[in-house]
Amino acid sequence: SSSTRPMTRFLHTADLQIGKPFGWASGRAQAKLQEAREEAIGRLGKTAREQGAEFVLIAGDFFDENTVSDDVVTRTCQRLSAIEVPVYVLPGNHDFSGSPSCVYRRDLFEEQKPDHVRVLMNREPVLVEREGPGDEAVAILPAPVERRRERGDPTGHFGSEVGPPEAIRIGLAHGGVEDFGAGAATSRIDPGRAEEADLDYLALGDWHGTKQVGPRTWYSGTPEADSFKQNDPGNALVVEISGPGERPSVEKVSTGAYQWLRKEEALQSQEDLGALERWFEQIEDPLHSLVRLELSGGLGLEAMSDLEALKDRLENLVLEVRRRGEVRPKASEEELGAIGSGGYVEDTVQELRSVSEAGGERSGAADRALQLLYQFHREIG
């Protein structure tokens, strides 16, 4: 009986950007990251099944661009066929609908797309296809993005008079909300739109992290993280609405396979280096991690060698390391004494040392040269 179960329960996701190239990543990481975006479809299907979702909403940027290759489109259609409930896809600014070469107009997509997948190419409200007889209507009010750079508010046409009045009303849109502080020229969604247009829920895409905008308005974020921004990506939202006008209950479910970690550290001592090493050893699943190391400071030559070894270990283990910043080598008296014990090596050490102490643009090169000498000395030992 419909009184014991929720009126409707669905999955809200967005920004899969399937086909995203990740051109900056090394070969192995690039292939894995591209594949992870496609595999996210299967994880969304599994989540929908486990959570008892009645349908899935994709709030824009399902594909990374309208020019994605045919093999990507074919695999994507195949993966979509594994989702057992209706899927409603909204074109976003990456896969905008107004272009004649829009990926959703491609013959290949039309032929291979499973029947239960619907792309909402125009603004007409759509009734969700539901199983049971007598179930109340659930209507989706779509705001497809027609151009790569839209102006104005894409949800401007949503109004309380649009769509069936007795239904559960769900808006589906893609773009920023005013709070993100950009000029009026770019597309901006009014954060109060859900209340103004009598929507029970407004499902948004474009912001890649999970974010609540208002009591009825959410960004799901991308189901698979794609950058080092720490804005809570890698989730989908399970939304339950018990009837028209009722407040939605929204639950965040983790869907990501890869974690993107940022580590900022000013290294001044062997202790700091030890702390960095402990952080590295606590990474839960290093094989599915990308790390952005932002290091600064200065270390002795011994510690610099240890840091290089630690970075090598990290790069061999995690999927990708991006380095930012620089740690400067600063030799201690003992270390300098250890390298230069007489002869021309000692002369070289003294010369480099005076360049280092003089400051200026050559001092950094002198410090690095001293570090190399120290490493050679340690290896020959």
Side-chain angles (χ1 to χ4, degrees), residues 12-45 47 56-80 83 87 89-97 99 101-106 108-109 112-113 117 119 144-145 147-150 174-176 187 204-211 219-236 254-262 287-292 318-322:
H12 165 199
T13 185
D15 300 294
L16 282 84
Q17 290 190 0
I18 291 167
K20 189 179 171 112
F22 294 102
W24 51 266
S26 64
R28 180 167 169 273
Q30 187 179 20
K32 292 259 188 200
L33 293 173
Q34 287 170 351
E35 194 159 9
R37 307 217 74 68
E38 297 181 20
E39 287 172 345
I41 299 169
R43 285 197 297 281
L44 290 168
T47 304
V56 176
L57 297 181
I58 301 177
D61 290 359
F62 182 54
F63 285 105
D64 186 55
E65 50 185 350
N66 281 325
T67 54
V68 291
S69 60
D70 280 352
D71 65 307
V72 169
V73 173
T74 301
R75 286 196 301 271
T76 298
C77 288
Q78 178 65 37
R79 289 183 190 276
L80 280 168
I83 298 184
V87 179
V89 183
L90 184 83
N93 58 307
H94 279 252
D95 49 8
F96 55 101
S97 64
S99 158
S101 59
C102 170
V103 58
Y104 303 117
R105 298 182 199 277
R106 211 181 285 186
L108 180 79
F109 181 80
Q112 307 210 357
K113 169 188 83 63
V117 174
V119 183
V145 178
R147 285 165 223 82
R148 189 179 290 283
R149 284 179 186 75
E150 288 280 34
H174 187 89
S187 142
L204 297 178
D206 190 36
W207 185 246
H208 283 209
T210 304
K211 183 180 176 75
Y219 285 97
S220 61
T222 175
E224 182 63 60
D226 58 358
S227 82
F228 289 104
K229 278 202 191 96
Q230 309 277 291
N231 60 359
D232 196 18
N235 307 302
S254 174
T255 51
Y258 289 89
Q259 52 175 347
W260 298 59
L261 306 170
R262 261 172 93 159
L287 303 182
H288 286 87
S289 301
L290 297 90
V291 175
R292 178 168 160 154
V318 304
L319 188 62
E320 182 82 39
V321 177
R322 305 213 71 187

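None of these values were measured; they are calculated from a predicted model.
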Backbone N/O of Glu224 and side chain of Arg37: donor-acceptor pair under 3.5 Å: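 Yes; at least one donor-acceptor contact below 3.5 Å.
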Do any N or O atoms from the side chain of Asn66 and from the backbone of Val103 form a donor-acceptor pair under 3.5 angstrom?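 The answer is yes, because a donor-acceptor pair under 3.5 Å joins these two groups.
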For the [atom1] atom of [X] and the [atom2] atom of [Y], what is their distance to the nearest 0.5 Å?
{"X": "Leu80", "Y": "Ile18", "atom1": "CG", "atom2": "CD1", "value": "7.0 Å"}
{"X": "Gln230", "Y": "Arg262", "atom1": "CD", "atom2": "CZ", "value": "6.0 Å"}
{"X": "Trp260", "Y": "His288", "atom1": "CH2", "atom2": "NE2", "value": "13.5 Å"}
{"X": "Trp24", "Y": "Arg322", "atom1": "CH2", "atom2": "CZ", "value": "5.0 Å"}
{"X": "Leu204", "Y": "Leu57", "atom1": "CG", "atom2": "CG", "value": "11.5 Å"}
{"X": "Leu16", "Y": "Arg79", "atom1": "CG", "atom2": "CZ", "value": "11.5 Å"}

For [X], enumerate each residue passing the side-chain contact (heavy atoms from CB on, under 4.5 Å) test, keeping only those at least two apart in sequence or located in another chain.
{"X": "Arg75", "answer": "Glu38, Asp71, Val72"}
{"X": "Ser227", "answer": "Lys229"}
{"X": "Thr74", "answer": "Leu108, Gln112"}
{"X": "Glu65", "answer": "Thr67, Val68"}

Pairwise side-chain contact, Val87 with Phe62, heavy-atom cut-off 4.5 Å (strictly under):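 They are not in side-chain contact.
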Test item: Val56 and Leu44 side chains (from C-beta on) under 4.5 Å apart, heavy atoms: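 The answer is no; the side chains never approach within 4.5 Å.
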For [X] and [Y], work out which heavy atoms get closest and say how close.
{"X": "Ala40", "Y": "Pro223", "value": "CB-CG, 4.3 Å"}
{"X": "Ala36", "Y": "Tyr258", "value": "CB-CE1, 3.6 Å"}
{"X": "Ala14", "Y": "Gly205", "value": "CB-CA, 3.7 Å"}

Test of understanding: with side chain to side chain donor-acceptor pair (under 3.5 Å), list the residues that count as partners of [X], not counting sequence neighbours.
{"X": "Asn93", "value": "His174"}
{"X": "Thr13", "value": "none"}
{"X": "Thr255", "value": "none"}
{"X": "Ser254", "value": "none"}

Under the salt bridge (Lys or Arg N to Asp or Glu O under 4.0 Å) test against Lys20, which residue among Asp61, Asp15, Asp226 passes?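 The passing option is Asp226.
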Among all residues two or more places apart in sequence or in another chain, which pass the ring-ring contact (aromatic ring centres under 6.0 Å, His included) test with Tyr104?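 ring-ring contact (aromatic ring centres under 6.0 Å, His included) list for Tyr104, sorted by chain: Phe63, Phe109.
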Can you sort out the partners of His12 under ring-ring contact (aromatic ring centres under 6.0 Å, His included), two or more places apart, ordered by chain and number?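 Expected list: Tyr201.
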Side-chain donor-acceptor pairs under 3.5 Å in residues 25-35, sequence neighbours left out?
residue : atom : partner : partner atom : Å
Ser26   : OG   : Glu320  : OE1          : 2.9
Gln30   : NE2  : Pro21   : O            : 3.0
Gln34   : NE2  : Pro21   : O            : 2.9

Mind checking what makes salt bridge (Lys or Arg N to Asp or Glu O under 4.0 Å) contact with Arg105, not counting sequence neighbours?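 In terms of salt bridge (Lys or Arg N to Asp or Glu O under 4.0 Å), with neighbours along the sequence ignored, Arg105 is linked to no residue.
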